[in-house]
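Have a look at the structure below before the remarks.
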Amino acid sequence: MRRAGLGEGSSGHYVASGYSVYEEENEQLQEGLRAKVNALKSLSIDIGTEVKYQNKMIDEMDTDFDSTGGLLGATIGRVKQLSRGSQTKLLCYMLLFCCFVFFVLYWFIKLR
């Protein structure tokens with residue numbers, strides 16, 4: 001700040017104008033930095049929103065897979081129970097039914 005008040009005449013004018021040039025340059029750099037910080041803030045908010053959405057989708061998929069696993073587990077249990085007996089015709093029907101259920105579930109999940 002003392003530079004602006006230094007000297008009289010032409011040398012004082014150069015010092016004062018040099019100081020204002022630096023001030024203007026600092027202001028421009030500040031504005032550029034402020035714009036970049038705002039852009040990064042907006043980007044990080046968008047990323048946070050996307051992460052929340054993806055987590056919600058993953059939770060829904062986990063629930064779907066759990067229900068499908070339970071259904072398949074019960075079906076496999078029935079097949080095992082049938083395999084203990086000597087009812088081969090019934091066993092074949094159950095295997096075909098299991099394959100059918102598997103393909104229907106696969107098709108259902110594929111369309112979602």
Do E50 and Y53 have side chains that approach each other closer than 4.5 Å (heavy atoms only, starting at C-beta)?
yes
Roughly how far, to the nearest 0.5 Å, is CE of M94 from CD1 of I76?
9.0 Å
Point-to-point distance, once rounded to the nearest 0.5 Å, from CZ of F100 to OG1 of T75
12.0 Å
Pair I109, D64 - check side chain to side chain contact (heavy atoms under 4.5 Å, CB included), show working.
CA-CA 9 Å; I109 290 173; D64 290 344; 5.8 Å; no
Would you mind writing out the side-chain donor-acceptor pairs for residues 28-41 within the sub-3.5 Å range, not counting sequence neighbours?
| from | atom 1 | to | atom 2 | distance (Å) |
| --- | --- | --- | --- | --- |
| E31 | OE2 | R34 | NH1 | 2.4 |
| N38 | ND2 | R34 | O | 3.4 |

Would a single hydrophobic cluster contain both L43 and V51, if residues Ile, Leu, Val, Met, Phe, Trp and Tyr are joined by side-chain heavy-atom contacts under 4.5 Å?
yes
Parallel, tilted or perpendicular, judged at 30° and 60°: which one describes the rings of F102 and Y106?
parallel
Please report the interatomic distance OG(S67) to CG(L72), rounded to the nearest 0.5 Å.
9.5 Å
